[in-house]
Amino acid sequence: MPVSPSAETPDGAAAFAEIMTVPAPAGDSPTTSMLLDLVYGDIWQRPGLSRRDRRFITLSCVAAADAEGPLDDHVYAALNSGDLSIVEIQEMALHFAVYAGWPKASRLNMAIDAQWFRIHEERGEPVPPPAPLLPLSTPSDPEARLAGGEQAFKEINCIPYTPIRDNAYHGGGILNFVFGEMWLRRGLGMRERRLVTVTCVAFQDAPYPILSHVYAALKSGDLSFDEMDEVALHFAAYYGWAKAANLQQVIDEQKLRVRDEWAAEQEP
């Protein structure tokens, strides 16, 4: 069963048990000590992001890293703790597939199925039936989907223009599916989708996507400046400080851009 969080900041081993819903690993190696004391005793406890927020960053990182053991462990913990519902984590896998690739998402989806079964087996409960896919919350009419995708593209990216329709990548992929359906699906909120997306573009060092998605997350207000700094720190713990340094540089640059735009918008 899930371990209830304590009222006070726990030490590393206690924090690990709360977050991962299993006992902390034994051993006094530098890796284990820093994992418990720094990652779980400090970073996971920081107030800048909720534990639920940190689940989305962590899951995206371990899925991207092809780390089978940590992936299974963090999927289990996210579900067993109740921080994420089965619908939310399945929606997260779909969103991750778009921004990190379907092969990596396939492994994530397999882990979700396996750990969901494990949790119910441990509890002596049957696995509940999945939520029905239909009806979709987005229009099935092709013109309506493209129009909705164009509007969502502008709103989500905080820009006044859209890519052309008559292009397989832009029209069929970006407008029809990514923004015409995926970003609009009800299983996850906009904040959660921002967290997954920023994490994905950060580990890939994708120059324009990392700039555009960090900018949009800040400009929209879905993530505050301080929260985005916390995203970079948590990302550093799970995907490496070198890539996090690049992410932090982009964050700092986009903060200046957004501040300038906000200031210009206030001018008469």
[Y] and [X], any side-chain heavy atoms less than 4.5 Å apart:
{"X": "D252", "Y": "V250", "answer": "no"}
{"X": "R185", "Y": "E91", "answer": "yes"}
{"X": "W241", "Y": "L233", "answer": "yes"}
{"X": "N176", "Y": "P142", "answer": "no"}
{"X": "V198", "Y": "L247", "answer": "yes"}

Out of curiosity, does [Y] fall in the hydrophobic cluster containing [X] (side-chain heavy atoms, cut-off under 4.5 Å, transitive links)?
{"X": "F179", "Y": "F177", "value": "yes"}
{"X": "V231", "Y": "V39", "value": "yes"}
{"X": "I57", "Y": "L35", "value": "yes"}
{"X": "F117", "Y": "I89", "value": "yes"}
{"X": "I156", "Y": "I164", "value": "no"}

By the definition side chain to side chain contact (heavy atoms under 4.5 Å, CB included), identify the one residue from L218, L211, V214 that meets it with R257.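 Of the listed residues L218, L211, V214, the side chain to side chain contact (heavy atoms under 4.5 Å, CB included) partner of R257 is L211.
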
Pick from L175, T162, D141: which one makes a side chain to side chain contact (heavy atoms under 4.5 Å, CB included) with L146?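 For L146, the side chain to side chain contact (heavy atoms under 4.5 Å, CB included) test succeeds with only one of L175, T162, D141, which is L175.
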
Could I get the full list of ring-ring contact (aromatic ring centres under 6.0 Å, His included) partners for F225, not counting sequence neighbours?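 By the ring-ring contact (aromatic ring centres under 6.0 Å, His included) rule, F225 matches W262.
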
Output all residues satisfying ring-ring contact (aromatic ring centres under 6.0 Å, His included) with H213, sequence neighbours left out; order by chain, then residue number.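 Once residues adjacent in sequence are excluded, the partners of H213 under the ring-ring contact (aromatic ring centres under 6.0 Å, His included) criterion are Y99.
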
Going through the distances and angles, do F56 and H95 end up as a ring pair (Phe, Tyr, Trp, His ring centres under 6.0 Å)? CA-CA 11 Å; F56 288 104; H95 199 99; 9.8 Å; no

Measure the spacing between [atom1] of [X] and [atom2] of [Y] and express it to the nearest 0.5 Å.
{"X": "L84", "Y": "L59", "atom1": "CG", "atom2": "CG", "result": "6.5 Å"}
{"X": "K255", "Y": "S224", "atom1": "NZ", "atom2": "OG", "result": "8.5 Å"}
{"X": "T58", "Y": "Y239", "atom1": "OG1", "atom2": "OH", "result": "13.5 Å"}
{"X": "F16", "Y": "T21", "atom1": "CZ", "atom2": "OG1", "result": "9.0 Å"}
{"X": "S85", "Y": "L188", "atom1": "OG", "atom2": "CG", "result": "8.0 Å"}
{"X": "Q90", "Y": "L108", "atom1": "CD", "atom2": "CG", "result": "10.0 Å"}

Atom of [X], atom of [Y] and distance for their closest heavy-atom approach:
{"X": "V98", "Y": "W102", "result": "CG2-CZ2, 4.4 Å"}
{"X": "T199", "Y": "C61", "result": "CG2-SG, 3.7 Å"}
{"X": "Y161", "Y": "K154", "result": "O-CG, 3.5 Å"}
{"X": "P70", "Y": "V62", "result": "CB-CG1, 4.0 Å"}
{"X": "L94", "Y": "M182", "result": "O-SD, 4.0 Å"}
{"X": "F96", "Y": "S60", "result": "CE1-O, 3.4 Å"}

Is it true that R55 and S81 share a donor-acceptor pair across their side chains at a distance under 3.5 Å?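 Result is yes, a qualifying pair exists.
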
Can a donor-acceptor pair be found between the side chains of E261 and Y215 at a distance below 3.5 Å?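 Per modelled atom types, E261 and Y215 side chains form a pair under 3.5 Å.
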
Assess the residue pair I19 and R54 against the criterion (side-chain contact (heavy atoms from CB on, under 4.5 Å)); give the C-alpha distance rounded to whole Å, side-chain angles, the decisive distance to 0.1 Å, and a yes or no. CA-CA 10 Å; I19 294 162; R54 295 180 187 278; over 6 Å; no

Check this for me: does any side-chain nitrogen of one of [X] and [Y] sit under 4.0 Å from a carboxylate oxygen of the other?
{"X": "E88", "Y": "R193", "value": "no"}
{"X": "D222", "Y": "R194", "value": "yes"}
{"X": "K243", "Y": "D205", "value": "yes"}
{"X": "R145", "Y": "E150", "value": "no"}
{"X": "R107", "Y": "D72", "value": "yes"}

Counting only heavy atoms not in D260, do more than 12 fall under 6.0 Å of its CG?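 For D260, atom CG is crowded (more than 12 foreign heavy atoms under 6.0 Å).
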
Heavy-atom count check: over 12 atoms from other residues, nucleotides or ligands less than 6.0 Å from M34 CE?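 At most 12 heavy atoms, drawn from other residues, nucleotides or ligands, come within 6.0 Å of this atom.
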
From CA spacing to verdict: side chain to side chain donor-acceptor pair (under 3.5 Å), N109, S106: CA-CA 5 Å; N109 192 62; S106 176; over 6 Å; no

Residues D73, V22; criterion side-chain contact (heavy atoms from CB on, under 4.5 Å); working and verdict: CA-CA 9 Å; D73 293 344; V22 294; over 6 Å; no

Kindly say whether [Y] contributes a backbone atom to a donor-acceptor pair with the side chain of [X] at under 3.5 angstrom?
{"X": "E192", "Y": "D53", "answer": "no"}
{"X": "K219", "Y": "C158", "answer": "no"}
{"X": "R52", "Y": "D83", "answer": "yes"}
{"X": "E230", "Y": "D226", "answer": "no"}

After noting the C-alpha distance and the side-chain angles of L195 and M190, does the key distance pass the side-chain contact (heavy atoms from CB on, under 4.5 Å) rule? CA-CA 9 Å; L195 292 168; M190 191 61 63; over 6 Å; no

Parallel, tilted or perpendicular: which one describes the rings of H120 and W116, with boundaries at 30° and 60°?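 Geometry flag for W116 against H120: perpendicular rings.
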
So W44 and H234, would you call those rings parallel, tilted or perpendicular, with 30° and 60° as cut-offs?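 The arrangement is perpendicular - the two ring planes meet at more than 60°.
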
Step by step, would you call D229 with Q248 a side chain to side chain donor-acceptor pair (under 3.5 Å)? CA-CA 7 Å; D229 286 339; Q248 186 66 61; 2.9 Å; yes

Would you please test Q115 and N80 for side-chain contact (heavy atoms from CB on, under 4.5 Å) and show each step? CA-CA 9 Å; Q115 298 309 311; N80 196 42; over 6 Å; no

